[in-house]
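This report refers to the structure that appears directly beneath it.
In each ligand, atom 1 is the first atom listed, and ligand 1 is the first ligand listed.
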Amino acid sequence: MAAAQGGTVVSSSEKVEFLKLQNGSDIRGVAVAGVEGEPVNLTEPATEAIAAAFSAWLLNRKKADGLRRLRISVGHDSRISAHKLQNAVTHGITSAGHDIVQFGLASTPAMFNSTLTEDERSHLPVDGAIMITASHLPYNRNGFKFFTSDGGLNKADIKDILERASKIYEESAHGNLKEQEEASRGVVANVDYMSIYASDLVQAVRKSAGDKEKPLEGLHIIVDAGNGAGGFFVDKVLKPLGAVTTGSQFLEPDGLFPNHIPNPEDKTAMKSITQAVLDNKADLGIIFDTDVDRSAAVDSSGRELNRNRLIALMAAIVLEEHPGTTVVTDSVTSDGLTVFIENKLGGKHHRFKRGYKNVIDEAIRLNSIGEESHLAMETSGHGALKENHWLDDGAYLMVKLLNKLAAARTLGSSIGSKVLTDLVEGLEEAAVSVEIRLKIDQNHSDLKGGSFRDYGESVLRHLENAISKDPNLHIAPKNYEGVRVSGYGGWFLLRLSLHDPVLPLNIEAPSKDDAIKLGLAVLAAVNEFSALDVTALNKFVQQ
Ligand SMILES: O=P(O)(O)OC[C@H]1O[C@H](O)[C@H](O)[C@@H](O)[C@@H]1O
């Protein structure tokens with residue numbers, strides 16, 4: 001390890017509103033100037049303070065005194081601000097007297113894994129890990145996710161870290177922090193951790209295929225990394241397993257994302273990988289988001305395996321292994337998925353709230369009260385398995401699909417991805433499925449000085465009341481967020497966004513007419529809320 005170049009933790013007179021950088025269980029901000037109306041608030045000094053605050057939080061968590069020297073890993077996705085923030089994190093950690101292990105380009109799940117891997121030569125396991133990423137957000141944003149061996153930090157932890165960071169920042173800006181002695185500064189090491197992490201994935205597939213060296217031999221699988229951090233999957237996972245990968249695209253990291261947004265929920269991104277599968281006559285296509293905690297697939301016929309379909313597919317695989325288990329999902333999953341999980345697969349569908357952390361924590365809670373659950377998954381492509389430490393790992397989800405393909409090949413079949421397609425046979429899908437996001441104008445006088453959350457809640461209460469008087473509509477008896485209603489052969493859910501002043505409305509229906517009827521019912525109930533922008537809903541019902 002090399003001694004770090006030190007100095008005070010931070011030194012800046014710019015004001016930073018640290019608590020505004022919280023985004024649920026992540027930290028997110030603007031790291032690059034140039035977009036109008038989006039001033040930089042995730043500066044290097046702010047980052048140093050956040051990194052130092054994480055180490056202080058970690059010491060406190062471990063009930064260790066200030067003399068304990070921690071080892072913390074840092075990695076990043078392909079964003080253009082990655083290097084400067086990695087340097088700032090390194091400076092913040094080493095100045096606080098702790099050691100840092102830099103992984104360079106890495107995936108979010110790999111960062112968590114580095115808290116578990118035992119390999120002293122590579123300085124592993126680490127006490128804590130920091131991933132520098134803003135997932136699929138535009139190029140000017142960036143942020144942090146933090147892990148310990150217990151998993152990702154939760155909302156309260158992030159708030160605690162940001163409060164500590166604010167204090168550290170204020171104190172250092174006023175020159176109160178003493179310059180660290182050279183000897184007490186932490187040291188920096190560089191480790192190619194993605195190779196270690198990827199070889200674990202390779203071993204997992206080999207093991208499930210009866211220790212066959214190249215279980216994917218003869219299969220053509222292409223990857224679309226969207227110029228994020230997922231390109232490793234081709235050279236470090238698929239090729240060693242024997243798959244042909246020609247036609248894979250956008251594997252080179254490029255933080256300006258010149259081809260499409262790396263996001264399996266994005267229509268353009270899904271179209272792009274689908275086209276690549278068809279053009280290359282591949283057996284399977286795999287797409288990752290920027291930091292590889294989310295993924296989706298495309299079968300050889302060009303059928304997208306994302307959203308409800310990917311949950312159905314994962315549920316089918318997990319329920320084969322754990323009959324009767326509960327599958328926890330987010331709130332915008334379809335009624336068809338419930339029927340599929342419960343009637344076809346014999347499992348239990350627990351539709352919970354939006355937010356990957358909410359879904360994962362709920363599955364952990366169910367297990368703790370004696371209800372067995374092995375899969376927690378969101379329509380966004382976040383999916384976590386109990387067998388994989390409840391980590392939402394897009395690459396691991398794809399490994400589960402590869403296991404299925406490998407097993408089919410071992411049986412001598414040459415049916416490509418049909419084995420996967422067959423698993424979702426019978427999943428009912430609505431002809432119309434839309435999400436319309438209704439913005440709340442936070443400065444509108446109708447809020448009467450209150451918060452957008454309170455306003456949103458009153459919209460939801462009013463809607464619930466209106467629906468209860470409509471004989472064609474029925475409020476879902478079991479629902480954990482917003483107002484979910486069935487009627488006209490379909491359903492809708494109006495809820496508050498996790499982070500934004502927005503009420504997202506999801507509608508699924510057997511026809512456009514039915515979807516419009518559901519939309520009109522919402523519109524009639526919310527129209528009197530003048531701070532709510534219903535333009536998009538108006539447009540939808542007038543089609
Ligand atoms: O509530 P929304 O605005 O639709 O956002 C919901 C989404 O927020 C974040 O991006 C979380 O990482 C996702 O897990 C969640 O699904």
Tell me the residues surrounding ligand 1, counting only those with a heavy atom closer than 4.0 angstrom, sorted by chain and number.
Arg354, Gly355, Tyr356, Glu378, His382, Arg437, Arg495, Ser497, Leu498, His499
Could you give all pairs that pass the ring-ring contact (aromatic ring centres under 6.0 Å, His included) test and reach residues 129-153, with sequence neighbours left out?
Phe54-Phe146, Phe112-Phe147
Out of Glu378, Glu362, Glu481, which residue meets the salt bridge (charged side-chain N to carboxylate O under 4.0 Å, His left out) rule with Arg354?
Glu378
Contacts table for residues 267-274: side-chain donor-acceptor under 3.5 angstrom, sequence neighbours left out:
unit_1 : atom_1 : unit_2 : atom_2 : d
Ser272 : OG     : Gln249 : NE2    : 3.1
Thr274 : OG1    : Met270 : O      : 2.6

How about Tyr396 and His389: are their ring centres within less than 6.0 Å of each other?
no
Please list, chain by chain and in numerical order, all residues satisfying side chain to side chain contact (heavy atoms under 4.5 Å, CB included) with Gln543, sequence neighbours excluded.
Lys512, Phe540
Do His349 and Thr329 meet the criterion of a side-chain donor-acceptor pair at a distance under 3.5 Å?
yes
